[in-house]
J.: 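Sending over a structure as C-alpha cells; questions will come in a sec.
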Amino acid sequence: MRGTPEVYLCTKSVSFLQNVTSARNAFWCIVCAIWLPLSAAPLTDSTSWIDLGKSSAVKPTLLSHGPEPITLTDKDWEGKNLSLADLLAQQTGIQTRSLGGTGSFQQISIRGMGGHRVVVTLDGVPIGDGDCHGMNLGSIDLNQLEKVIIHKAHAPVELGGNSLGGVVELISRQKAEGHGRIFLGYGSYHTGDAALSVHSALHDSLDWSSNLSWRFADNDYPYYDRNGTPYNTDDDQWRHRQNAEFRQLSGTHHFKRIFPKFQWNWHLLHQQSSSGYPGTESDQAILAGTEEEKFSLKTDLQRFWGSQEQWSALLGMDASWYKSLFHWSNKLDHLGYTQGNDDWQEVGHVSLQAKPSLALRYEKRVYEWGWHLMGLAENMTPRDKPVTAQQWRWELNRRQILSVLDGAWRIQPWLQGAISHQITSTHDRNSGGILKLTWIDTIPASSDWDLDQAAQFSLRLLPEQQAWQAHLTMARHYRLPALTERYGTSLGIIPNPELKPESGWKAELGTQIQCRRLQAQITGFWNTLRQGIVWVQAAGFAKPVNIGQSRTYGLELSVKSQPTSWLHYSWDGTWQSPRNQSTSAQYHDKQLPGEPKLALNQHATLQLPFHLSMDWALRWQSQIYRDQANQQSIPRQHNQDITLTYTPWNQAKLSLALQNLEGEEYQNVYSAYPTPGRQYHLSWSQQF
Amino acid sequence: MRKTTRKRPDTLLWSSAFFLLGLLSCSDNATNPDISHPSSSSTSSHRVVILTTDYDVSGVVKTLDSTGKALSSDALSVWDDCRLAAWGNELMILERYQADNLIHVPVDDLQKTAVDYQVALTDNDNPMDIAFVSKTEAWVALGNQPYLIEVNPQTGDFGDSIDLSSLNPKDNTHPSIQYLERKGDSLLVSLQRLDASYSATGPGLIAVVDISSRKLLDTINLKLMQAEAMVLNGDDLYVACSGYLMNPSPDSTRGLVHVSLSDKKVSVVAYGSALGGAPTELAIDTANGLLYTAVQQTWPSTGVVSVSMDDGKVTKLPDLLEAGGGIAYDPVQEVLYIGERNTDKAGIKIWDGSKMTSVDWKDNMPPSDILITDW
C-alpha cells in the first residue's frame, strides 16, 4: 500500500513478543554458568593457596597468528569525551555515523563492511549480535574499558575465527595502578559521567576488580531545522533537540584465582540504559524511546600440563540475558505502524544465550596448534504491548556448534605462517504463527539448518635485527543472518526465512618500517561481499534479501613520529574505492553509503610547561553518500578537537575537551539526524 | 512547521436531494471558464512524468524525452514516497508520510531552481492525492487526517477544509482517505476505513463531497475491502479494492468495482480470483473499453491485467515481474506505461495493445509513479 506510514527506527527495536519460559531459561543458563567451573574445582589443590607472585598464569603465545592488531589503551581516550565509535574512526579504514549526541545509536564500518558485519566483543563475549540493526556502539561506556583491540582482516580464533567486517575486542578494566580510579566529567548539554574502578589483590593468587559507571546526557543541543523542505528556506529555523535524554548505569566485575596449574576467571557484566528517540531533523518525536538491559556472566578455567606446560585447555561458559524495548505514542510520535488500538505502544524482545566453550592448545617452539569448540543456545521471545489477538507470538531458537582448528608455524626464523579453518552447524527454529502487518499472513513453523565454513591464512615476515616487517593475510569469511533478520516481524518488516549467510573474501598486504623516531605502516586491502543482506523497501514495507554485492579496495598509510621529547605526531590516511557491485543497474558501481574515497586523521600531542599538555585531532573526509543510489550527498567535511590536560601530580589529571571546534554539521535533508555541534567537557581523573 | 488554519464543520448537514442536485449538475466541462482543462491551449505539449525511487530512501522526478524512449536529463530530487499530479504544465508533487510536503514546479523545467514553492503540511498529514478544481483551488486528501484540505496551487497557501470525521471507524481518528476524483462540483473520495492497527473494519467507501458547501453529501458502499485507486469515466466510477494484501487466494474481499454514479448501483467487474491477486493501481482506455490494473500477488510480485469494461474479461499482460511502479494510459499515443521495479529489470515498459517494449533505462532508479499530462 503506497503512502502507508513507515517506521524508520535506527534505534534498537522491532520484532518480538513474550514467552513465559524465558525466566526459567535464564535461571538455567546462570546455573550452568556457575556449576560448570565449580564442578571442575576439585581438580585444584584448594586447601592451600600458593604464592605465585604477581605474574599471570596465562602464557603469552609464542607465534604470530595474524597481522599485528591495532591496540588502543585508555590513554587514547581518557578526558577527550569521545564515544567508542569516534575513537575507532580515528584509525585508518574505519568510518562511523552517529544519529545524535551522547549515547545515541552509532555504528562503524571497517573497509566498507559495516553494521552486523563487524563483530564486537566485550571480554570475549560477542555483544549486539541478536539484533537486526547490529551493534549500537553508542551504548558502550569507554570508562569501563582498559583496552580496545582492532582486527581488520584477521579474526582471532578464540573469538570464532570468522568476521566479514573485522573484530573489535573490548577489554574492560581489570588492572589499575594502585587500588583504583575515580573519574568525573561534565560538559555541554548536561552531559556527565562518573566512574569508579577498584582493583585489589585479595591474596597473591586471588585478584578482584570492579568498575561501575554512570552516564547521562540531555542532548538538547541546538540544530538548524530545514523543516524537511529543501526547496523552501523560508521555513528554516534553529531548534533544540528534544526527547533525546540518555541515562546509563553499567558495570564489569572480575575475579581471578590462580592455582599452580590453573587459572579460574569470573566476569560479570551488567548494563541498564534508557534513551529518548528524538526522531529526524524535521519530525521530532515527543515520547518515543528505548530501554536496554544486559546481564552476562562468564567463567572460564584454564589449565596447563606437560613437561614444559606445552598443553593447555580452557573450559568456559557464558550466559547472557538481553532485553531491548522501544516505546512510543501513536498520537504524539507519528512513527507509523501500530498494533492494537492503544495509544501507548511497546515492542521489543528478550534474548537468552548460553555459550559453552572448550579450547585445547599445544605449543612448541616452532609450531603450535589449537582446537576450539564452541556452542550456542539462543532463545528469543517478544515483549510487545499491547498484544493483539492476531499478533504473531513467536519464539525463535538458534542452536549452534562451532569448531575452529588452527595452526601456526615458524617456517624460517624470519617467517611465520598461520592458518585456521572454522566450520559451523546452525539450526534455527521459528514457532510460526499469524503475521500481521497491514495485512494478515501465515508464517509456517520452520527449521532451517546451515553448514558454513570460514578459513584464513597469514604469513608474517619478521626479520631479526631488522627495522621492518611485513605480512600477508587472506580470508574467506561469512555472516549468518541474525534471528531477527530471518524471522523478525518488526513494524513494517516482512520476514525472510530463506535468507542465506553473507560471505566474502578479504586480503591484506602490509609492511611496517621503523627508523629512529618514526614508524610508518602501509597496508593494501581488498574486500568483497557476496549475497549481502539488503533491506529492500517497496510499498511501505521492507524485506531482507540476499542481493548485495560490493567490493572495496584501498591503501592505508599510517605514520607515527616523535621528533622531540615534547611532541608526538601521527598521520593516518585511507584511500579506498568502495563500490557496490550488485546487478541492479541503479546501484552498480555506485559508492557505498557512508564510505568516503579519502579520509585523513591527524593527531598531535604537545607537552607544555607547568604540567600542561595539549592534544589536537583533525579528521577530514571526502564526499560521502547516505543512500545506495548516491542521490543524498554529504559534502567533504572536517572536524577538529582539542584537549587541554593539566597533571598536577602523577595520579591526577584534569582535562578540558573542546570538540568539533568549528561546529560543523552535515546532514542530508532527507536522512537528517542532527548531531551536536561544538561541545565542551571538563573531567577529572584520580588514581588512588 | 507551517501552521494552517482549518475550518472543520461542526455538524454533518447533508441530504440526498443535495447529493442528487450535485451529481446532476456536475460535469467535467463545467460552465465556469476558470476550471476548463488547460489542454485546450493552442500551444499544446505532452509529457510523461515519472517518479523514480530506489529500494532504499531516494527519490527523483524525471520526464520521458521527446523520443519517448529515454529519460530526459532534467531531474528533481524528492522524498522517496510521493504521488504526482498535474494541472497542465503545473506539476504538484505530494511528498507523503514523514515528509508531508507539496512541491509545485513546471513539468517542462524539472530542476531545483524552477521550483515555484515547497510547502509543509502538518507532520503526519500524509498527503495521498490532489484534485484540481481551478487554477487557484485544489483539494488534498490527507491519509492520516479526517479531512480534506484546500490549497491554492498558484501560491501554496492553505485554505478551507472538509470534515470527514463522521466516517471514522471505531478506534481510529481518521477514515484512511486514499484518492480523489472530481466530478463537477463534487469530490469523490475513496476511504479504506482501517482501524488503528490497519485492519479493515468493513468494505471500502466512496464519500461524495460537495465542494462549494464543504459538506459530505453521501457515501457509497463498495462491497469490497480497502479502496485504492479510482478512475472516472463520465458517470462510471471504477475502484480497485485490494482486500487483504499478500494473500492472493480467491476470495470476495478484493476486486474491481464499478459504481454507476447516476443511480448509485455498485457491481463487481472482476474479483481478485479472476484478476490473480489484489488490484492496486488503475488506468482506463476509454476508446477500447478497457481497464488496466496492477495486480499484486505475493509481495513484491506484481503483474498487470486488462479488464473489459463490457464483460469483465481479464487478460494478463506479458513480461512483468514487479509492476508496482505505477501505470498510466496515454490516450494520445494509445499506449499503457507500466512501472517495473524488479531489481534487475527496472524501468518503464510500454504496452501498445499487442507487444511490450521498454524505455532505455540505463542506471536510473526504478519507477514508482507515472503521470501523463498535456497542455
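So you know, we letter chains A, B, ... as the sequences are listed, proteins then strands, and number each from 1.
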J.: For residues A:T229 and B:A120, report the shortest heavy-atom separation together with the two atoms involved.
T.: CG2-CB, 4.1 Å
J.: Considering only heavy atoms, which portion of B:I103 lies under 4.5 Å from any heavy atom of chain A: side chain, backbone, both, or neither?
T.: side chain
J.: For each of B:S176, B:S77, B:A346, tally heavy-atom pairs with chain A at distances under 4.5 Å, and name the one with the top tally.
T.: B:S77
J.: Under a 4.5 Å cutoff for heavy-atom pairs, which residue among B:K112, B:Q118, B:E95, B:M365 has the most contacts with chain A?
T.: B:Q118
J.: Is A:P230 in contact with chain B via its backbone, its side chain, both, or neither, using a 4.5 Å heavy-atom distance?
T.: both
J.: In terms of heavy-atom pairs under 4.5 Å, which option from B:V78, B:L94, B:T113, B:V115 contacts chain A the most?
T.: B:V78
J.: With a 4.5 Å cut-off on heavy-atom pairs, point out which of B:D100, B:L76, B:T302, B:N342 contacts chain A the most.
T.: B:L76
J.: Cut-off 3.5 Å, side chains only: do A:Y670 and B:Q98 have a donor facing an acceptor?
T.: no
J.: Would you kindly say whether A:T583 and B:D344 are connected by a side-chain donor-acceptor distance under 3.5 Å?
T.: yes
J.: Quick check on B:K345 against chain A: is it the side chain, the backbone, both or neither that has a heavy atom closer than 4.5 Å?
T.: neither
J.: Please classify the contact between A:S671 and chain B as side chain, backbone, both or neither, with a heavy-atom cut-off of under 4.5 Å.
T.: neither
J.: With respect to A:Q631, which candidate in B:D80, B:D54, B:V60 satisfies the side-chain contact (heavy atoms from CB on, under 4.5 Å) definition?
T.: B:V60
J.: Please tell me if the side chains of B:D363 and A:Y587 come closer than 4.5 Å, counting only heavy atoms from C-beta onward.
T.: no
J.: Is it the side chain or the backbone of B:E322 that comes within 4.5 Å of chain A heavy atoms, both, or neither?
T.: neither
J.: Please round to the nearest 0.5 Å and tell me the distance separating atom OG of B:S58 and atom CD of A:Q628.
T.: 8.5 Å
J.: Does A:D234 have any salt bridge (Lys or Arg N to Asp or Glu O under 4.0 Å) partners at least two apart in sequence or in another chain, and if so, which?
T.: none
J.: Please classify the contact of A:K543 with chain B as side chain, backbone, both or neither, using a heavy-atom distance under 4.5 Å.
T.: both
